[in-house]
There are 2 protein chains.
Amino acid sequence: MATTGTRGNTRELVLDAALASFGTAGYDGTSLDDLAAGLGIRKQTILYHFVSKRRLLDSVVDRCAGELVTALERVLVESRTGGGTDWERVEAMVREVFRLALDQPVLLGLLREVSRPNSPGAVRVRIHLEPLMARARRWMEDEMAAGRMRRTDAQLLLLSAYSTVVGVATEIEVLRAAGVGPTLRPVVQRRGELLRFLRRSLDPAASL
Amino acid sequence: MATTGTRGNTRELVLDAALASFGTAGYDGTSLDDLAAGLGIRKQTILYHFVSKRRLLDSVVDRCAGELVTALERVLVESRTGGGTDWERVEAMVREVFRLALDQPVLLGLLREVSRPNSPGAVRVRIHLEPLMARARRWMEDEMAAGRMRRTDAQLLLLSAYSTVVGVATEIEVLRAAGVGPTLRPVVQRRGELLRFLRRSLDPAASL
DNA sequence: AGGGTTTTCTACCAGATGGTCAGGGTCCCT
DNA sequence: AGGGACCCTGACCATCTGGTAGAAAACCCT
């Protein structure tokens, strides 16, 4: 027992380090040896827990997606019991996503890495996001049919929102790289634009 | 002479292929062997022309930055002889950048790869962009002093515009990965937002 | 035709990478 | 005490990586 008493949570520690490394150095730029060295363990330990590098990435994605889903679920329940309008519910979800991204900046790195075409993690992300998207689409279409929401192409709208979030993630990282500290302004601005766009598209009570 | 008569332009062919590969697979994800195989040549031929992988990336960045500078220079000259207002000149530049990005989507991939924190190409990009930025900043500050432009933090404004462009690049790539074809709408929308933002910040004749 | 330059190739290398295998330590349960 | 499950590790491996050395073409000029 050279290591400190981290007996039970090696898995989590590896996941944390992997998230950071995948997010900053990229998947190809991450070596299991380096990752292990940074944790004071041997590469074989990582492989014991995660079988292969690829599946380590999958596990990282899984955990992050899980957090996202949990957070969204929570917001959804809250806003439902709160009894807001459709539009208020959408707004709460968007705000939650941005809050999550700002609270855990490492997520932005992973999202960026993983949303690259040809990324090995892209498929895994899709697996998690697709049911979310499908569910949102069905809900929106129902609301539209009931006249509580303005009619648009739900699929395209969701995709547009998603790509906006990814774009914002990249933006924040670029600004950080340029030395601009935790300036909230650009993020808030983008969020405002996204919300305005969604409101225009969805809220039947919105002007214009 | 197993190869076709491409005698003189191997360099350019390699640069093209490298641009595509760096943009899609990333720097680490690109192997010189694969790159060469795709061109029907041997890896050593690439190294003969570019000395090292790192300097190949530099050369790719150099060429792209060169194209950008040339294009901007041209727009600048045109709009100067055309005798437009400051604001019209800014708008023309922004439109040119977006046009370039849409004409050559591969550039987006490279920009995305290279504007990642810790990217080996980041420094090279900075080398090319810094004089451009400095020049724009000086110009803007002069115009502000002369009262032809609304007063703001020029540096921050430029950085914000730059990060927006990078963000848009990412957005487009994400949409493409999601199977959304050459839908122009999101791009045009973002461009509109950027232009509106710049106009609000710069144009003394702008309302609000 | 022939010498010199430019371009491309074959052969090879040291290091790193992801991954396998078998063993050893620690804990818990009976 | 002892057997098994869990966790970790050292030794090892095949493969791929960017990069070097030197020879063989291909080209160019006279």
Side-chain angles (χ1 to χ4, degrees), chain A residues 1-61 63 113-114 118-121 123-124, chain B residues 1-61 113-114 118-124:
Chain A
M1 61 143 71
T3 57
T4 56
T6 57
R7 231 15 182 216
N9 55 348
T10 305
R11 255 189 86 96
E12 294 302 312
L13 291 178
V14 172
L15 282 177
D16 288 339
L19 169 58
S21 182
F22 286 150
T24 58
Y27 179 75
D28 291 310
T30 296
S31 105
L32 294 184
D33 278 306
D34 292 352
L35 208 57
L39 290 167
I41 60 177
R42 250 40 63 193
K43 159 180 56 171
Q44 290 79 359
T45 304
I46 299 181
L47 287 171
Y48 165 76
H49 285 286
F50 300 96
V51 181
S52 74
K53 187 186 182 183
R54 178 64 191 273
R55 295 186 57 176
L56 171 59
L57 175 61
D58 286 346
S59 298
V60 171
V61 171
R63 197 181 60 165
E113 163 74 11
V114 113
N118 299 343
S119 161
V123 279
R124 196 74 176 189
Chain B
M1 62 144 69
T3 59
T4 57
T6 57
R7 232 9 182 222
N9 55 350
T10 305
R11 255 191 84 97
E12 294 301 312
L13 291 178
V14 172
L15 282 177
D16 288 340
L19 169 58
S21 182
F22 287 150
T24 57
Y27 179 76
D28 291 310
T30 296
S31 103
L32 293 183
D33 277 307
D34 292 352
L35 207 57
L39 290 166
I41 61 177
R42 252 36 68 190
K43 160 180 58 172
Q44 288 74 6
T45 304
I46 298 181
L47 287 171
Y48 166 76
H49 285 287
F50 299 96
V51 182
S52 75
K53 188 186 183 184
R54 178 64 191 272
R55 293 187 57 174
L56 171 60
L57 174 62
D58 286 347
S59 296
V60 172
V61 170
E113 163 73 12
V114 112
N118 301 342
S119 161
V123 278
R124 197 74 176 192

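These values consider heavy atoms only, across backbone and side chains, with no hydrogens, waters or symmetry-generated copies. Every chain is numbered from 1 and lettered A, B, ... according to where its sequence line falls, protein lines coming before strand lines.
- For DNA chain D, the residues of residues 22-32 of chain B within the heavy-atom distance limit of 4.0 Å (strictly under) are B:Thr30, B:Ser31, B:Leu32, sorted by number.
- The shortest side-chain heavy-atom distance between A:Leu13 and A:Ile41 does not fall under the 4.5 Å cut-off.
- Whole-Å rounding puts the A:Ile41 CD1 to D:dC7 C1' distance at 11 Å.
- Closest non-hydrogen pair, A:Val123 versus A:Pro120, comes out as CG2-O, 3.6 Å.
- The salt bridge (Lys or Arg N to Asp or Glu O under 4.0 Å) contacts involving residues 44-53 of chain B comprise nothing, where partners must be two or more places apart or lie in separate chains.
- Here B:Asn118 pairs with nothing under the side chain to side chain donor-acceptor pair (under 3.5 Å) rule; sequence neighbours left out.
- By the salt bridge (Lys or Arg N to Asp or Glu O under 4.0 Å) test, A:Asp58 is found to be paired with A:Arg124, residues two or more places apart in sequence or in another chain being considered.
- Proximity of A:Thr10 to the phosphate of D:dC7: no side-chain N or O atom is located under 4.0 Å from OP1 or OP2.
- If you take CG of A:Asn9 and C1' of D:dC7, they are 13 Å apart, rounded to a whole angstrom.
- Atom-to-atom, NZ of B:Lys43 to P of D:dT20 comes out at 11 Å; the value is rounded to the nearest Å.
- When distances run from any side-chain atom of A:Arg42 to the nucleotides D:dG10, C:dT17, D:dT17, the shortest one goes to D:dG10.
- Taking all atoms of both residues into account, the shortest heavy-atom contact from A:Val114 to A:Gly121 is CG2-CA, 3.7 Å.
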Result block: side-chain N/O donor-acceptor pairs under 3.5 angstrom for residues 43-50 of chain B, not counting sequence neighbours:
| unit_1 | atom_1 | unit_2 | atom_2 | d |
| --- | --- | --- | --- | --- |
| B:Lys43 | NZ | B:Asp33 | OD2 | 3.4 |
| B:Thr45 | OG1 | B:Arg42 | O | 3.4 |

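- The distance between atom CG of A:Asp33 and atom C1' of D:dC16, rounded to the nearest whole Å, is 15 Å.
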Please list every donor-acceptor pair under 3.5 Å in which a side-chain atom of residues 15-28 of chain B meets a protein atom from a residue at least two apart or in another chain.
| unit_1 | atom_1 | unit_2 | atom_2 | d |
| --- | --- | --- | --- | --- |
| B:Asp16 | OD1 | B:Arg63 | NH1 | 3.2 |
| B:Asp16 | OD1 | B:Arg63 | NH2 | 2.8 |
| B:Ser21 | OG | B:Thr30 | OG1 | 2.8 |
| B:Thr24 | OG1 | B:Ala20 | O | 3.0 |
| B:Tyr27 | OH | B:Arg54 | N | 3.3 |

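- In this structure, the CG atom of B:Leu39 is 15 Å from the C1' atom of C:dC9, given to the nearest Å.
- Annotation: proximity of residues 44-60 of chain A to DNA chain D (heavy atom, distance under 4.0 Å) is found for A:Gln44, A:Thr45, A:Tyr48, A:His49, numbered in ascending order.
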